[in-house]
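In what follows, a single structure is set out as structure tokens and then discussed.
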Amino acid sequence: MCGRYALETPPEGLKRLLPFANSPNFPASYNIAPSHPVPIIRDSAVISGAGQYECARLQWGLVPGWMKAEKITEMSSRPQINARSETVTEKPFFKSAFKSRRCLFPADAFYEWKRSSKAKNQPYCIRRQDESPFMMAGIWEFWQGADGSEIETCAILTVAANETLTPIHHRMPVILEATHWAEWLDTPDVKSESLLPLLVPAPEKDFKFYPVSDAVNKVANNAPDLLAAVPEIENKDQQNAQFDLF
DNA sequence: CCAGACGTTGTT
DNA sequence: GTCTGG
DNA sequence: CCAGACGTTGTT
DNA sequence: GTCTGG
């Protein structure tokens, strides 16, 4: 799945990739975590009727419009950061967002933790072979409290991992190629069922992965070196074992 | 009909 | 173990 | 996603 | 809001 990622490319860089009308300002983050405000790109026709793209920062963890206020605090401990693409059309939690409020999550990398019963879980960084940014498919929601409070939230769609990533993890985010961005964002007019063929794992060869420092585990750590390749934890243990011999 | 849930991940 | 905070 | 806390009473 | 369970 996708529970932590990095966005290094600044707003101007994203704008060249997928032009949006506004001029947001946000810092690079190498450790974007659930519940953080995350930059997403959406068709502003849904909001303003302008029919242009906009880049906005929404809270990562989807909250449907019908959710009761007291349930929101309850859910905040386990935010809905992902939506299974296999069932997104059926689940009451997601279906209306999928139909009418789709968006893209720009990213330069995402992290996955390979689980281990023996050692500490090993974090990996996954990114394009050429390390260029990519777009993850997502949905967003609008929630309004009785007191007038408002929040906008979002979630990333997931699919089964491709063959490359299966050794690390069995789920991965849906990643859309540039040729499909416009179709995906065209929420008022494009029939959502016609988009289901896009919800497939990314091609094996497009992405690489490598182990990174477990400094990424801690959300407070946020620096470019979180993306740096390091030896596997197993190797580290071996090194320590060797060190102990001397 | 009304009441109550509505999610993912991973693990068992 | 389970919940909250980031 | 992972890290880190997880409690009461009374007194200062 | 919309679906499921009773």
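All heavy atoms count here, side chains included; hydrogens, waters and symmetry mates do not. All values derive from a computational prediction rather than experimental measurement. Numbers restart at 1 for each chain; the letters A, B, ... are given by sequence-line order, proteins then strands.
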With [X] via side-chain hydrogen bond (donor to acceptor under 3.5 Å, both in side chains) - residues at least two apart:
X	result
A:N162	none
A:K95	none
A:S35	none
A:K71	A:E74

Can you tell me if [X] touches the phosphate of [N], counting only side-chain N or O atoms and a distance under 4.0 Å to OP1 or OP2?
X	N	answer
A:R115	B:dT11	yes
A:S117	B:dT11	no
A:R84	B:dT8	no

Does one side chain, of A:N121 or A:S116, offer a donor that lies under 3.5 Å from an acceptor on the other?
no
Verify whether one side chain among A:T158 and A:R84 offers a donor that lies under 3.5 Å from an acceptor in the other.
no
Enumerate the salt bridge (charged side-chain N to carboxylate O under 4.0 Å, His left out) contacts for residues 174-202 of chain A, please, sequence neighbours excluded, ordered by first and then second residue.
A:R128-A:E177
Would you say the side chain of A:L227 lies within less than 4.5 Å of the side chain of A:D225, judging by non-hydrogen atoms?
no
From B:dT9, D:dC2, B:dT8, nucleotide with atom closest to A:R171 side chain:
B:dT9
Nearest-angstrom distance, P atom, D:dT9 to C:dG1
29 Å
Between B:dT11 and D:dA3, how far is it from one P atom to the other, in whole Å?
15 Å
Within the structure shown, what part of the strands sits under 4.0 Å from A:K91 by heavy-atom distance: base, sugar-phosphate, or nothing?
sugar-phosphate
Is atom NZ of A:K208 surrounded by more than 12 heavy atoms (other residues, nucleotides or ligands) closer than 6.0 Å?
yes
Can you run down the ring pair (Phe, Tyr, Trp, His ring centres under 6.0 Å) pairs that involve residues 188-225 of chain A, sequence neighbours left out, and say none if there aren't any?
A:Y124-A:F209, A:F134-A:F207
Given protein heavy atoms under 4.0 Å, the one-letter contact record of nucleotides 1-6 of chain E, with B base, S sugar-phosphate only and - none, is simply B-S---
Give the table of side-chain donor-acceptor pairs shorter than 3.5 Å for residues 136-147 of chain A, with sequence neighbours excluded, one pair per line with atom names and distance.
{"unit_1": "A:E141", "atom_1": "OE1", "unit_2": "A:R101", "atom_2": "NH2", "d": "3.3"}
{"unit_1": "A:E141", "atom_1": "OE2", "unit_2": "A:R101", "atom_2": "NH2", "d": "3.0"}
{"unit_1": "A:W143", "atom_1": "NE1", "unit_2": "A:M67", "atom_2": "O", "d": "2.7"}
{"unit_1": "A:Q144", "atom_1": "NE2", "unit_2": "A:E150", "atom_2": "OE2", "d": "3.2"}
{"unit_1": "A:D147", "atom_1": "OD1", "unit_2": "A:S149", "atom_2": "N", "d": "3.1"}
{"unit_1": "A:D147", "atom_1": "OD1", "unit_2": "A:S149", "atom_2": "OG", "d": "2.7"}

Using Watson-Crick and G-U wobble pairs whose two distances are both under 3.5 Å, how do you write the pairing of DNA chain E as dot-bracket, with | for links to another strand?
||||||
Return a table of donor-acceptor pairs under 3.5 angstrom between the side chains of residues 50-66 of chain A and protein atoms on other chains or two or more places apart.
{"unit_1": "A:E54", "atom_1": "OE2", "unit_2": "A:R42", "atom_2": "NE", "d": "2.6"}
{"unit_1": "A:E54", "atom_1": "OE2", "unit_2": "A:R42", "atom_2": "NH2", "d": "2.8"}
{"unit_1": "A:W60", "atom_1": "NE1", "unit_2": "A:I81", "atom_2": "O", "d": "3.0"}

Within residues 138-168 of chain A, the residues having a heavy atom closer than 4.0 Å to DNA chain E are none
With the criterion being N/O to N/O and under 3.5 Å, what pairs connect the protein with nucleotides 3-6 of chain D, and how long is each?
{"unit_1": "D:dA3", "atom_1": "OP1", "unit_2": "A:N217", "atom_2": "ND2", "d": "2.9"}
{"unit_1": "D:dG4", "atom_1": "OP1", "unit_2": "A:K218", "atom_2": "NZ", "d": "3.0"}

